[in-house]
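Report on one structure; see the data block that follows.
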Amino acid sequence: MTTLTEDKHAYSGSTNNRVVYDTKDLNLWYGQTHALKDINLSIYEKEVTAIIGPSGCGKSTFIKTLNRMVELVPTVSTSGTITYNDKSILDKTFKVEDLRTQVGMVFQKPNPFPKSIYDNITYGPKIHGIRSKKVLDEIVERSLRGASIWDEVKDRLKENAYGLSGGQQQRLCIARCLAIEPEVILMDEPTSALDPKSTLRIEELVQELKKEYSIIIVTHNMQQAARISDKTAFFLNGEVVEYDKTDTIFTTPSDNRTEDYISGRFG
Amino acid sequence: MTTLTEDKHAYSGSTNNRVVYDTKDLNLWYGQTHALKDINLSIYEKEVTAIIGPSGCGKSTFIKTLNRMVELVPTVSTSGTITYNDKSILDKTFKVEDLRTQVGMVFQKPNPFPKSIYDNITYGPKIHGIRSKKVLDEIVERSLRGASIWDEVKDRLKENAYGLSGGQQQRLCIARCLAIEPEVILMDEPTSALDPKSTLRIEELVQELKKEYSIIIVTHNMQQAARISDKTAFFLNGEVVEYDKTDTIFTTPSDNRTEDYISGRFG
Amino acid sequence: MKYVDQTLVHKRMNSRVLKNNILKQVFLIATLFGLAVLAILIFRVVTQGIAWIDWNFLTGKLSTFPEKAGIMGAILGTSYLMLIVIPVTLIIGVGTAIYMELYAKKGKLQSFIATNISNLAGVPSIVYGLLGLTIFVRVMDFGNVVLAGGLTLSLLVLPIVIVAAQEAIRAVPGHLSEASYGMGATKWQTVKKIILPAALPGIITGAILAVSRAIGETAPLTVLGIPAFLLPFPEGIFDTFTALPMQIYYWTLDASLVDEYAYLAAATIIVLLVLLFILNAIAVIIRNKFQQRY
Amino acid sequence: GGSDSEEENNDSEDASSESANAEGDSESAELEGNVVIDGSGTVYPLMQRLAEEYMVNEQEGVSVEVSRAGTSAGFERFLAEDGTDFNDASRLIKDEEKAKAEELGIDIMEIKVALDGLTIVTNPENEWATELTEDQVKGIFMGEYTNWSDINPDWPEEKIQTYGPNENHGTYEFFYENILEEQDLVSDINLQQDYSTLVTLVAEDKNAIGFFGFGYYDNNQDKVNAVGIDFGEGAVTPSLETIGEEGPYANFTRPVFTYLNVGMAEEKAQVLDYAKFVAEEANTFAGETGFAPIPDEEAQAQLEEIEGIE
Amino acid sequence: MTTNSGSEKKSAVNVREMIAEKKRKRNFSALTEKIIPILLLIIASISILTTVGIIYTLLSEAFEFFKRIPIWEFISGTVLKPLSQEPEFGLLPLLNGTIISSVIAMLVAGPIGIMSAVYLSEYASEKVRKTLKPLLEILAGIPTIVYGFFAFTFVTPVIRAVFPAVEATNILSPGLVMGVMIIPMIASLSEDAMTSVPNSMREGALALGATKLETTFKVVIPAALSGIISSFVLGISRAIGETMIVTIASGSSKNFTFDITQSMQTMTAYIVEVSGGEAPAGSTIYYSLYAVALTLFVFTLIMNLLARYVSRKFREEY
Ligand SMILES: Nc1ncnc2c1ncn2[C@@H]1O[C@H](COP(=O)(O)OP(=O)(O)OP(=O)(O)O)[C@@H](O)[C@H]1O
Ligand SMILES: Nc1ncnc2c1ncn2[C@@H]1O[C@H](COP(=O)(O)OP(=O)(O)OP(=O)(O)O)[C@@H](O)[C@H]1O
Ligand SMILES: [Mg+2]
Ligand SMILES: [Mg+2]
């Protein structure tokens with residue numbers, strides 16, 4: 001574990017990346033439930049930021065707030081601000097579709113559309129108006145390569161995505177997300193439904209992707225956070241208890257709740 | 001932990017109780033799944049017998065076989081014999097209703113009927129032909145007292161059982177079971193849906209009840225088994241790995257799979 | 001002290017178990033009763049009517065002579081009716097369902113519409129006939145033509161389609177639309193490209209059930225004043241028409257005039273039932289074939 | 001009638017329609033459009049038959065729609081704007097109806113199409129009341145007799161059950177106005193809308209006595225018996241021979257009509273053509289649909305009157 | 001490999017830019033998003049319009065009727081002679097016919113329906129259930145005109161063969177056949193209600209030594225009662241609204257009687273009879289049609305609301 005984190009330390013700590021997301025006093029309620037409390041976080045470009053914490057602490061809520069998917073729940077209300085690339089995105093005037101085009105999302109359970117692999121990938125480009133067959137073909141290949149699943153599916157692009165294994169489906173979902181070339185990719189426990197082997201492939205992929213994309217990943221698995229992330233935020237009961245470089249969090253946390261959690265004393 | 005088991009050792013080991021249940025080469029299949037394999041167990045009167053083992057090892061299947069509730073699954077087939085009070089109960093000619101009148105059962109999730117508390121308790125006596133209001137009243141009081149819930153509900157006997165808390169519901173279910181004066185009570189993880197406080201009350205109750213009844217209890221919680229049982233059977237993959245006095249099992253198990261399990265190495 | 005006397009319990013046990021076993025058979029017989037009636041009904045109709053079904057009967061014109069009579073006009077009339085019922089109910093039904101499930105805010109309006117739909121489902125078909133007579137035949141002045149009949153039947157079966165479509169839409173897993181929104185798709189894009197295609201089998205099944213209800217409806221048509229005797233085949237939605245159930249009705253009524261009309265009615269019933277079985281078989285096939293794994 | 005007689009009928013029709021063709025060659029231009037007929041259920045079998053004949057052998061392009069709402073209901077539809085072209089009636093048009101036609105400016109023409117014999121029917125098991133006098137019939141339907149034995153002590157002491165078509169039908173009105181002379185019918189009479197029901201009811205009830213048009217009796221001779229009526233000169237049973245305005249069954253004979261909207265005939269060639277066809281051919285098909293023909297001279301006069309339209 | 005594709009990307013199409021460009025051009029989609037909900041609301045309101053249409057149609061014409069015939073006379077009248085020289089418009093004969101035929105139907109459909117439901121949900125094996133239920137549902141899909149034909153040409157003669165006193169048209173036969181038609185509705189809905197009773201409830205009873213029968217009647221049925229009652233109410237409302245079976249098999253006598261061997265007319269059959277070919281506008285009879293239809297509508301409306309109320313009120317909490 002330590003070896004892994006130190007490995008990364010080399011390039012995660014040194015780069016002085018631009019801030020892509022910045023939240024100020026972010027609060028969120030589901031009806032009466034106060035799910036996020038005064039969140040202040042800055043998330044940096046081309047890094048992997050891990051969100052950890054026990055079940056129900058608000059991890060999913062937080063990353064769904066970043067692309068405003070949380071608004072699909074009608075009772076949600078928020079206060080505070082989130083700026084994405086210096087634009088305040090919580091304003092009702094801000095077009096969520098634009099935001100979501102620039103911020104891709106990968107979900108816990110692989111959720112390909114019940115369509116062919118090809119159609120899954122081209123779904124995004126098409127809704128954004130790209131019609132040219134040639135361009136689409138190129139996007140498909142590039143995205144699938146980007147999600148390192150091209151070799152496995154290149155001969156069966158017309159087949160239904162549900163024929164793929166769980167791990168392949170998840171990589172397909174990542175590819176689908178790459179197809180619209182987002183800047184940020186949000187991942188909500190992308191490996192929790194997968195077997196260890198598939199998990200490993202996704203983890204490698206995340207390492208690969210962060211050269212191009214900023215990645216925010218929610219995970220239950222602390223080892224995973226330690227392995228792949230540059231920064232880690234520890235959430236507890238809707239609050240950010242600690243946010244720091246991953247190796248700091250895992251070796252010398254400053255809050256003893258963090259320590260308790262990491263050492264498995266609760267959660 | 002050790003103190004508790006030793007405490008009980010005093011009267012559990014010394015009494016030389018009659019055998020109520022005796023299984024010989026009991027095998028059970030769900031369709032093709034071999035769920036119980038060559039079970040040979042003797043269960044003694046007025047003792048608490050705990051069944052422990054990892055999830056899916058066949059604990060529930062085993063105790064449901066003891067009152068033949070397992071037959072509700074249509075694909076079930078069995079071989080071997082179970083004798084209950086020297087009668088072979090697996091014979092198709094044996095009336096299950098008779099058996100179940102003498103062997104009560106308490107389930108994992110409290111399952112009171114959607115009726116009043118009073119009607120819940122009198123359900124059993126009524127189907128067995130007891131009609132006298134006076135007798136029924138007496139049965140209700142005695143059963144509720146027996147399940148140490150009388151004081152909490154005596155003023156609301158006509159209210160719906162679903163108004164009770166989870167722990168109260170579970171004690172009500174125990175009372176319901178006592179109302180038909182069984183000889184044996186089967187309990188399938190009776191506390192796993194309850195909070196620690198309610199769990200404690202049920203555990204105390206079990207200690208109380210074993211003066212009158214033979215109790216077979218399935219539990220996930222090894223501390224619980226250690227705390228309340230006289231004998232413990234450890235199941236693994238449908239087999240009985242070890243069956244002995246509880247303190248023997250927990251202090252000097254003879255099989256190392258038992259030891260592994262008890263020390264938390266799997267499950 | 002024991003209240004529960006085990007010997008007594010034991011004694012009563014036999015009669016209780018016996019009662020259970022006897023009633024089990026009674027329940028089985030009750031279940032089979034309905035099926036027995038169904039069998040008799042079909043047997044009766046088939047034995048009476050089958051001999052009268054031939055090519056001329058299926059393709060010929062109506063006639064007062066039983067041997068010459070054909071039901072092509074009624075078949076076409078029914079087909080034209082369905083040509084209206086299918087698109088009208090699909091558009092309105094699916095539109096309403098989309099609105100109710102995906103756009104309407106939970107509140108008074110939504111629950112008002114929902115109550116209204118479930119009430120409409122219970123309004124007797126004859127009342128729809130009067131509605132059609134007043135609105136389509138008289139006020140809109142279509143006359144007793146296919147269009148009026150089709151619209152009347154459409155309103156009648158609309159609740160069936162709405163409810164089926166609502167259920168189909170509700171059954172589309174939320175994670176699919178989430179994925180779509182996550183790509184920056186708008187709501188309508190998500191509805192059009194993800195939700196509707198996934199709900200389609202359910203919607204089609206509902207539509208077929210609605211159509212098979214509409215095909216057999218007689219009462220509303222009797223109110224609309226469908227001609228009892230009409231030779232020319234309808235050629236469009238503005239033509240007067242007759243329909244299979246109406247033909248059955250008139251032949252049943254006139255059996256006293258010409259005995260053979262009863263057999264013609266039976267023969268027409270066979271045709272109608274075969275049509276219904278085919279439709280239902282299609283519904284079942286669609287349901288089985290297009291059931292998506294999510 | 002078996003299919004044999006039907007065959008014969010077919011032959012005779014073919015012959016007659018050919019002759020009709022020959023006669024009307026000069027004006028047999030291809031017509032199209034539709035002719036809408038509603039009205040009496042009694043006249044319906046004849047009109048339906050004529051319509052079929054017309055569409056099959058005369059003008060294939062014309063659609064003759066025949067409905068059967070009943071005489072009165074039919075008049076309501078007939079006497080309306082954009083109303084029906086013809087209304088079949090098993091009674092004469094009433095003064096109120098005439099007044100309404102005038103009010104709406106509808107010019108109507110009465111076409112007598114055939115003669116019907118109001119037939120009194122009983123159950124085949126009824127072996128006593130095979131003959132009744134006209135007054136006994138009235139008495140029965142006005143409720144003067146309760147039991148059969150009230151009429152004749154030899155007859156069973158059982159309650160007479162009366163049946164008839166309901167007020168929607170011209171047959172009822174004819175019976176009420178012309179036979180009972182507007183005296184009330186017995187209150188418990190079973191009035192039915194559908195003739196098939198009526199026939200079945202009489203056929204199944206031993207003590208039944210009912211009335212309806214000859215055609216319904218004619219088709220159901222195996223199910224019901226016709227009662228011979230004594231008008232003073234011995235019992236007469238209705239038949240195509242006895243029915244007639246001058247015949248022995250004259251008292252229970254009534255003409256049936258169809259009323260033509262003259263305006264429609266002037267406007268639409270097919271309506272006029274069909275009116276001519278009806279006037280010409282009604283007698284040909286009257287018999288097989290249970291009606292007696294009208295005298296030829298009368299038919300000819302009507303035809304000429306129609307030809308006078310245009 | 002991925003690095004390769006990364007460098008390829010620079011050379012090839014730039015999706016981000018393409019999307020941004022398209023977005024600038026495609027502002028109309030924002031408009032679509034605004035219009036669609038409005039359009040859908042309009043479509044959804046057609047169902048409301050239908051109700052309004054029905055109520056308007058019935059009320060306006062019935063109003064004309066009640067101007068001529070006082071409402072009380074209509075509701076309490078025992079004589080219905082719409083076409084007679086001195087017409088009388090009493091609703092009771094029709095109400096009576098409707099209620100009696102519905103009662104007969106429910107006497108058949110209620111017990112048989114619920115017994116079928118019990119069999120299918122509690123006793124039948126999965127396989128038997130999967131075959132019997134759809135077969136039973138065929139019954140619900142048969143057009144009512146077919147049932148009418150069946151009642152008139154088969155059931156009535158059979159009844160009369162056994163009980164000769166029964167008239168050739170009577171309310172009994174259509175009532176029975178209507179009952180058969182409603183069986184699957186009650187069976188199916190009740191079965192759904194019973195299957196949704198959690199198994200833990202059954203296990204609780206069986207573990208006390210109850211037989212299946214006792215479990216069913218004392219635990220499952222009480223727990224499913226709301227669903228069962230609302231299936232009954234829906235069945236009744238179906239029986240009240242049923243038209244063709246009674247029209248064909250019960251004749252058109254407007255008797256005010258309780259003798260089920262006689263012919264009676266229901267409200268629905270009256271509407272069919274009077275509207276005949278096409279109802280003649282303007283006459284009292286014509287308006288009476290709508291007065292009867294209004295009564296019918298109110299009846300079924302009450303039934304539907306009752307069904308909703310029942311299923312909400314009687315729902316046992318578990
Ligand atoms: N749709 C909702 N409506 C109401 N409350 C919700 C909703 N979704 C989540 N919550 C509540 O908000 C809190 C945070 O939930 P969230 O799903 O963000 O937790 P999480 O950290 O992702 O948990 P997990 O690890 O189990 O996924 C929880 O208390 C949860 O009950
Ligand atoms: N109804 C059933 N049909 C088929 N297989 C079943 C059924 N119920 C249980 N099994 C299988 O039988 C085996 C034993 O199951 P059982 O429920 O007895 O385990 P258990 O020890 O009670 O587990 P848990 O601790 O999770 O309750 C498992 O492999 C299970 O998958
Ligand atoms: Mg989560
Ligand atoms: Mg278990």
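- Residue B:Arg68 does not touch chain E at all, counting heavy-atom pairs closer than 4.5 Å.
- At most 12 non-hydrogen atoms from other residues, nucleotides or ligands lie less than 6.0 angstrom from CG of B:Asp86.
- Annotation: the span from E:Thr215 atom OG1 to B:Glu97 atom CD amounts to 8.5 Å, rounded to 0.5 Å.
- Note that CZ of B:Phe113 is 5.5 Å distant from CG of E:Leu208, once rounded to the nearest 0.5 Å.
- The environment of NZ in E:Lys130 is sparse: at most 12 heavy-atom neighbours from other residues, nucleotides or ligands sit within 6.0 Å.
- Atom CD of E:Glu203 sits about 5.5 Å away from atom NZ of B:Lys64, to the nearest 0.5 Å.
- Taken to the nearest 0.5 Å, the NZ atom of B:Lys95 stands 11.5 Å off from the OG1 atom of E:Thr211.
- There is no contact between E:Glu126 and chain B, counting heavy-atom distances below 4.5 Å.
- The heavy-atom pair separating B:Arg176 from E:Gly204 by the smallest distance is NH2-CA, 3.8 Å.
- For chain B, no part of E:Ser125 is nearby; none of its heavy atoms comes within less than 4.5 Å.
- Remark: side-chain polar atoms of B:Lys115 are paired, donor with acceptor, to backbone N or O of E:Lys218 under 3.5 angstrom.
- Only the backbone of B:Val103 has a heavy atom closer than 4.5 Å to any heavy atom of chain E.
- A distance-only check finds no donor-acceptor pair linking the side chain of B:Asn111 to the backbone of E:Met201 [under 3.5 Å].
- For chain E, the nearby part of B:Leu72 is the side chain; its heavy atoms alone come within less than 4.5 Å.
- Counting heavy-atom pairs under 4.5 Å between each of B:Ile127, B:Asn67, B:Thr101 and chain E puts B:Ile127 at the top.
- For B:Lys158, the NZ atom counts as densely surrounded, since its 6.0 Å shell holds more than 12 non-hydrogen atoms of other residues, nucleotides or ligands.
- Remark: B:Phe94 CZ is packed, more than 12 non-hydrogen atoms of other residues, nucleotides or ligands lying under 6.0 Å away.
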